[in-house]
S.K.: 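Quick one: the structure is below, and I'll ask about it shortly.
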Amino acid sequence: MKQLFIKIYSFILCVILVCLMLPVRTDAGYEILGTCQVQTDANTAGTVKTMDYSYDRNTYLSLRDIAVLLNGTGKSFSLEITKNAVALNPGNFYMPVGGENVPWESSENPDITLRRNEFKVSGQTVYYYTLITALPSGSYDCFMMAADLAMILDMNVTSPASGMLQIDTQIPFSISPDALEAAGYFYGVNSVLAGDAATGEIYYAYQADMAYPIASTSKLMTCLLTMDAISSGQLALEQQVTVSDAAIALSASSDGVIPLEPGQQLTVQELLVGALLPSSNECALSLAETVAGSEDAFVMMMNQKAAELGLSQAVFYNSNGLPSYTGDAIPSKRQNRMSAQDMFQLVSYLLKVYPQITDITSMQSATLPSLDLEVRNTNPLLRNLPEATGLKTGTTNKSGACLITSLTADNGTTEHDLVVIVLGTEDSIERGRVSALLARYALQTFHAGAQDSNPPEAGTIPANLPTHAEAAVDWILRTARARG
């Protein structure tokens, strides 16, 4: 018995010792510290500290190290970095704080997380994910992706060899989606598409003909049908809507976005803002019930509208994009689905017939007077690209993180709406970055084509002139503004 007790005691002791030896943060992010050699077109070169966050080669660069190398070039910038905030001012001279362009000290082991710290460029708030760490000098440094910095400063960054970067300050930022696809960049998404909604031209597409879950981007169809009802005179933007018990229950659930109480009333305008900016599921449900009397009847309208628009792979089960369960003994979990090609057709139609939707989706925030509540837009590109006008984010476990982006582009004659569709990225960080890259590509492709194309002859009518009266008036006004 004594020997058995000793064996058990020894076994327990071994288990405890093994547990103590294992890492405490088994699921948390970690950093791999390293360096790379950076060469600029101004013949400055130096060592730049790097952090590979969570995965090898998921690399973030030291802004302070880059700032020193870009001093004296057309892309120089100053930095103010605190524990939770960064201010980057292009065109200013950078004053070193000490420790720039030297390797990490062996004793350094930062414990930080990738997050959306407050970030300002020339005093304007932008949205980028960064790593901020304290330096031995007592100052702070910020680490960010090379592509994000290249977009901010509009410069070209390439990697001629492993562990090396080349910065060309005289060459504007540009990308090649074909090269990214060849490198496997889009393997982490379900599908992407970039094109011109005004002409129907598609600039780039990846797996765009395959249907995937679309999450809250479904609300674009909900808003389209609501605007149809307003256009026909069935509803008015100022019309008061009393929220239903179903909407209140959804509001109180884990999928609720805006708190609602029995008897509360919101206008149709407020419901549209709530559905599009903070992606309120209860606002989308309230719109569906107001338009069709019930969500089931509204879903029939959604699928009918999809058929009318030729969206061959679109299937809707509800008005908001949440998972929808059947009432079977073994319930099926269904989600609204659509291909990127179908989404492009839907958005192109929406922007042509109801261009005023971007009056809502371009707002970074808004107030719902009936609730005395401020809501914020979930679209990060509105802060980073002045051309961005919307449109909608969406996320579920199955769909991944999705973003439908609209942009205005002027060819000197008319304004065009460009559209970037990104479905099924791993998280909101990648959703924003992939969308930003493709948005830049769409803009550069549009402007390159505009330089090569001839303006229409006098008296000719554009083939895509909107036929809806309100859209036609808006098109005329926008054309007049474009002509100055």
Side-chain angles (χ1 to χ4, degrees), residues 23 25 28-115 117-121 128-171 173:
R25 297 187 302 133
Y30 63 91
E31 302 80 40
I32 304 172
L33 307 185
T35 60
C36 70
Q37 298 301 309
V38 175
Q39 174 81 41
T40 75
D41 55 349
N43 293 321
T44 57
T47 298
V48 172
K49 289 184 285 295
T50 65
M51 288 188 190
D52 290 1
Y53 186 78
S54 291
Y55 298 97
D56 186 24
R57 297 184 183 178
N58 185 38
T59 304
Y60 290 70
L61 306 175
S62 162
L63 284 187
R64 291 196 181 278
D65 290 352
I66 295 290
V68 170
L69 298 179
L70 292 181
N71 264 342
T73 73
K75 301 300 180 181
S76 64
F77 59 90
S78 63
L79 283 171
E80 296 176 19
I81 306 175
T82 64
K83 184 177 181 180
N84 299 304
V86 181
L88 187 153
N89 296 291
N92 291 354
F93 185 84
Y94 174 72
M95 296 294 295
V97 299
E100 288 91 348
N101 304 115
V102 297
W104 293 96
E105 295 181 9
S106 59
S107 60
E108 291 181 277
N109 184 27
D111 183 12
I112 54 180
T113 57
L114 180 65
R115 59 178 178 164
N117 298 289
E118 179 182 301
F119 203 117
K120 292 186 177 181
V121 175
Y128 291 98
Y129 283 87
T130 60
L131 300 153
I132 294 181
T133 183
L135 300 175
S137 63
S139 300
Y140 290 89
D141 198 357
C142 176
F143 290 73
M144 76 183 313
M145 279 276 189
D148 291 342
L149 181 60
M151 285 189 283
I152 290 174
L153 298 178
D154 192 24
M155 62 185 186
N156 192 49
V157 178
T158 57
S159 179
S162 178
M164 295 183 63
L165 285 179
Q166 173 71 41
I167 297 178
D168 292 301
T169 60
Q170 302 297 317
I171 302 177
F173 175 83

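For reference, positions follow the sequence shown, starting with 1. On a predicted model such as this, the values are computed, not experimentally measured, just so you know.
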S.K.: Does a side-chain heavy-atom distance below 4.5 Å link Leu149 with Leu61?
M.R.: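 The answer is no; the side chains never approach within 4.5 Å.
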S.K.: Determine the minimum heavy-atom distance between Pro103 and Thr35, stating which atoms define it.
M.R.: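 The pair with the smallest heavy-atom distance is CA-CG2, 4.0 Å.
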S.K.: Give me the atom names and distance for the closest heavy-atom approach of Ile132 to Ala85.
M.R.: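 Smallest heavy-atom distance, with atoms named: CD1-N, 3.8 Å.
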S.K.: Would a 4.5 Å heavy-atom cut-off, applied to side chains only, mark Ile81 and Val97 as touching?
M.R.: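 No, side chains not in contact.
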S.K.: Verify, without hydrogens or angle tests, whether Asn89 (side chain) and Ser78 (backbone) share a donor-acceptor contact under 3.5 angstrom.
M.R.: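 Checking the backbone N and O of Ser78 against the side chain of Asn89, no donor-acceptor pair under 3.5 Å is found.
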S.K.: According to ring-ring contact (aromatic ring centres under 6.0 Å, His included), who are the partners of Phe143, at least two apart in sequence or on a separate chain?
M.R.: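 ring-ring contact (aromatic ring centres under 6.0 Å, His included) list for Phe143, sorted by chain: Trp104.
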S.K.: Return the minimal non-hydrogen interatomic distance between Ile112 and Tyr53, and the atom names on each side.
M.R.: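 Answer, listing the atom of Ile112 first, then Tyr53: O-CE1, 4.0 Å.
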S.K.: Could you check Thr130 against Leu63 for side chain to side chain contact (heavy atoms under 4.5 Å, CB included), going step by step and ending with a plain yes or no?
M.R.: CA-CA 10 Å; Thr130 60; Leu63 284 187; over 6 Å; no
S.K.: Is it the case that atom CD in Gln37 sees more than 12 heavy atoms from other parts of the structure closer than 6.0 Å?
M.R.: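 Counting other residues, nucleotides and ligands, CD of Gln37 exceeds 12 neighbours.
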S.K.: Any side-chain donor paired with an acceptor under 3.5 Å for Thr59 and Asp52?
M.R.: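 Yes.
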S.K.: Does any N or O in the side chain of Thr50 come within less than 3.5 Å of the main-chain N or O of Gly34, such that one atom is a donor and the other an acceptor?
M.R.: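 A pair under 3.5 Å: yes.
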S.K.: I need the minimum non-hydrogen distance between Ser76 and Asn71, along with the two atoms involved.
M.R.: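 Smallest heavy-atom distance, with atoms named: CB-CA, 4.0 Å.
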S.K.: Minimum heavy-atom separation for Asp65 and Glu100, please, with both atom names.
M.R.: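 So the two residues come closest at OD1-CA, 3.2 Å.
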S.K.: State whether the side chain of Ser62 and the backbone N or O of Val48 hold a donor-acceptor pair below 3.5 Å, judged by distance alone.
M.R.: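 Looks like no, no N/O pair under 3.5 Å.
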S.K.: Tyr60 and Leu114: side chain to side chain contact (heavy atoms under 4.5 Å, CB included), yes or no, with the steps?
M.R.: CA-CA 10 Å; Tyr60 290 70; Leu114 180 65; 3.2 Å; yes
S.K.: Do you know which two heavy atoms are closest between Phe173 and Ala150, and how far apart they sit?
M.R.: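 Shortest heavy-atom contact: CD1-CB, 3.6 Å.
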S.K.: Side chain to side chain contact (heavy atoms under 4.5 Å, CB included), that's the test. Do Met155 and Thr73 meet it? Break it down for me.
M.R.: CA-CA 11 Å; Met155 62 185 186; Thr73 73; over 6 Å; no
S.K.: Should Leu33 and Met51 be marked as a side chain to side chain contact (heavy atoms under 4.5 Å, CB included) after you check the CA-CA gap, both sets of side-chain angles, and the distance that decides it?
M.R.: CA-CA 5 Å; Leu33 307 185; Met51 288 188 190; 3.8 Å; yes
